[in-house]
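Everything on this sheet refers to the single structure shown next.
This one's a predicted model, so the numbers in the text were calculated from it and none came from an experiment.
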Amino acid sequence: MTDHTLLRIDSSARLENSISRDLVDEIANKFADATVITRDLARDPLPQIDEGFVTITKGAAAEDLSQSQRDMLALSDTLIDELKAADTIVIGLPVYNFGVPSGLKAWIDLVARAGVTFSYTEQGPKGMLTGKRVIIAMASGGTEANSAIDFATPYLRHVLGFMGLTEVELVHADRLAIDAEATVASARAQVAALAA
């Protein structure tokens with residue numbers, strides 16, 4: 001697959017023996033000829049947004065920004081550039097306490113920027129990142145995907161769609177605490193069925 005760029009986002013706190021990382025590996029291997037951009041949110045954690053960053057997004061003049069604000073803005077721009085460059089985005093999503101990991105939430109807060117990745121119009125919000133494919137590799141002990149207690153995958157789908165990323169596929173290993181072997185086998189079958 002020439003001239004194809006894949007953005008790989010890992011968010012598992014487990015650096016070893018992580019099912020979501022393993023699934024992301026298998027998905028990325030389907031795009032063997034792609035240029036891969038890797039963003040590991042556990043090995044290289046992102047800062048939480050703060051008042052200074054919120055001020056930037058509310059239209060502060062460039063000359064009025066502190067060095068800290070400039071640094072945060074530059075980081076946000078880099079993360080958004082990675083998204084813009086990608087044709088396919090693969091997100092490892094371990095479910096922690098029914099939601100997304102804090103590192104992944106920090107990434108979302110830095111890339112969801114009004115006027116950059118979405119805009120507000122008279123017809124409502126409009127996503128500005130379009131024409132990209134997203135594959136989510138979800139892993140959880142017992143929070144089944146799209147169940148009443150799954151607040152992670154619906155939230156991630158929603159915020160991605162808010163930015164225009166509406167072509168989202170889900171691979172799930174969501175019963176690891178119940179039957180790990182069968183759950184992993186099912187997830188690997190889902191990966192095998194993905195078109196590259």
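- The minimum heavy-atom distance linking I178 with G142 is given by the pair CD1-CA, 4.3 Å.
- Here the side chains of L170 and R157 are in contact, with some heavy-atom distance below 4.5 Å.
- Between the side chain of E144 and the backbone N or O of D174, no donor-acceptor pair lies under 3.5 Å.
- Rounded to the nearest 0.5 Å, atoms CG (D3) and OG1 (T35) are 8.0 Å apart.
- The distance from the CG atom of D10 to the CZ atom of R39 is 12.0 Å, given to the nearest 0.5 Å.
- Within the 4.5 Å cutoff, the side chain of L93 has heavy atoms near those of the P101 side chain.
- Within the model, atoms OG of S11 and CG of L156 stand 8.5 Å from one another, a figure rounded to the nearest 0.5 Å.
- Looking at V111 and L129, their side chains never come closer than 4.5 Å, going by heavy atoms from C-beta outward.
- The hydrophobic clustering, which links ILVMFWY residues whose side-chain heavy atoms are closer than 4.5 Å, places F118 and L83 apart.
- Using a 4.5 Å cut-off on side-chain heavy atoms (C-beta onward), Y155 and L104 make no contact.
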field: From CA spacing to verdict: side-chain hydrogen bond (donor to acceptor under 3.5 Å, both in side chains), Q190, S186
entry: CA-CA 6 Å; Q190 294 168 53; S186 171; 3.3 Å; yes

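- Within a 6.0 Å sphere centred on CD of Q67, other residues, nucleotides and ligands contribute more than 12 heavy atoms.
- One distance of note links OG of S76 with CH2 of W107; it measures 11.0 Å at 0.5 Å rounding.
- Using a 4.5 Å heavy-atom cutoff, the side chains of I108 and F162 are not in contact.
- A single hydrophobic cluster is seen to contain both V116 and L65, as judged by linkage of ILVMFWY side chains at heavy-atom distances under 4.5 Å, directly or through other members.
- A pairwise comparison of heavy atoms in A42 and S12 identifies CB-O, 3.2 Å as the closest pair.
- With M138 as reference, D150 is the one residue of D150, L23, V171 to meet the side chain to side chain contact (heavy atoms under 4.5 Å, CB included) rule.
- The shortest non-hydrogen separation linking G103 to L41 is O-CD1, 3.6 Å.
- Between I49 and M72 the shortest heavy-atom distance is CA-CE, 4.2 Å.
- Checking side-chain atoms of T5 against main-chain N and O of D87 turns up no donor-acceptor pair under 3.5 Å.
- In N29, the CG atom is crowded: over 12 heavy atoms of neighbouring residues, nucleotides or ligands sit closer than 6.0 Å.
- Put simply, the side chain of L165 does not reach to within 4.5 Å of the side chain of V159, judged on heavy atoms.
- The minimum heavy-atom distance between Q48 and A106, with the atom names listed, is NE2-CB, 3.9 Å.
- Residue L79 is grouped with residue I37 when hydrophobic side chains (ILVMFWY) are merged at heavy-atom distances under 4.5 angstrom, including chains of intermediate members.
- Across all their heavy atoms, P94 and G92 have their closest contact at CD-O, 3.5 Å.
- By the criterion of side-chain heavy atoms lying less than 4.5 angstrom apart, applied directly or through intervening Ile, Leu, Val, Met, Phe, Trp or Tyr residues, L15 is not grouped with I9; the two fall into different hydrophobic clusters.
- A heavy-atom distance below 4.5 Å is found between the side chains of L110 and F53.
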- request: Please test V95 against H172 for side-chain contact (heavy atoms from CB on, under 4.5 Å), starting from the C-alpha separation and ending with a verdict.
  value: CA-CA 11 Å; V95 176; H172 54 85; over 6 Å; no

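- Salt bridge R21/D25: absent, no basic N to carboxylate O contact under 4.0 Å.
- Note: Q69 CD to E51 CD = 9.0 Å, rounded to the nearest 0.5 Å.
- By the neighbour-count criterion of 12 heavy atoms within 6.0 Å, atom CD of E63 is densely surrounded, having more than that number from other residues, nucleotides or ligands.
- No donor-acceptor pair closer than 3.5 Å links the side chain of K126 to the backbone N or O of T121.
- Remark: side-chain polar atoms of T166 are not paired, donor with acceptor, to backbone N or O of G161 under 3.5 angstrom.
- Using a 4.5 Å heavy-atom cutoff, the side chains of R113 and L73 are in contact.
- Here I135 contributes atom CD1 and E167 contributes atom CD; the two are 9.0 Å apart, rounded to the nearest 0.5 Å.
- Looking at R70 and D77, no side-chain N of the basic residue comes within less than 4.0 Å of a carboxylate O on the acidic one, giving no salt bridge.
- At distances below 3.5 Å, at least one donor-acceptor pair connects side-chain atoms of T183 with backbone N or O atoms of R175.
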- prompt: Where do T88 and K30 land on the side-chain contact (heavy atoms from CB on, under 4.5 Å) test, with the steps shown first?
  reply: CA-CA 11 Å; T88 301; K30 295 180 75 77; over 6 Å; no

- prompt: Going through the checks in order, is the side-chain contact (heavy atoms from CB on, under 4.5 Å) test met by V184 and D22?
  reply: CA-CA 10 Å; V184 170; D22 290 347; over 6 Å; no

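- Judged purely by atom type and a 3.5 angstrom limit, K132 has no side-chain atom pairing as donor or acceptor with the backbone of I89.
- Under a hydrophobic-cluster definition in which Ile, Leu, Val, Met, Phe, Trp and Tyr are linked whenever side-chain heavy atoms come within less than 4.5 Å, directly or via other members, L46 and Y96 are assigned to different clusters.
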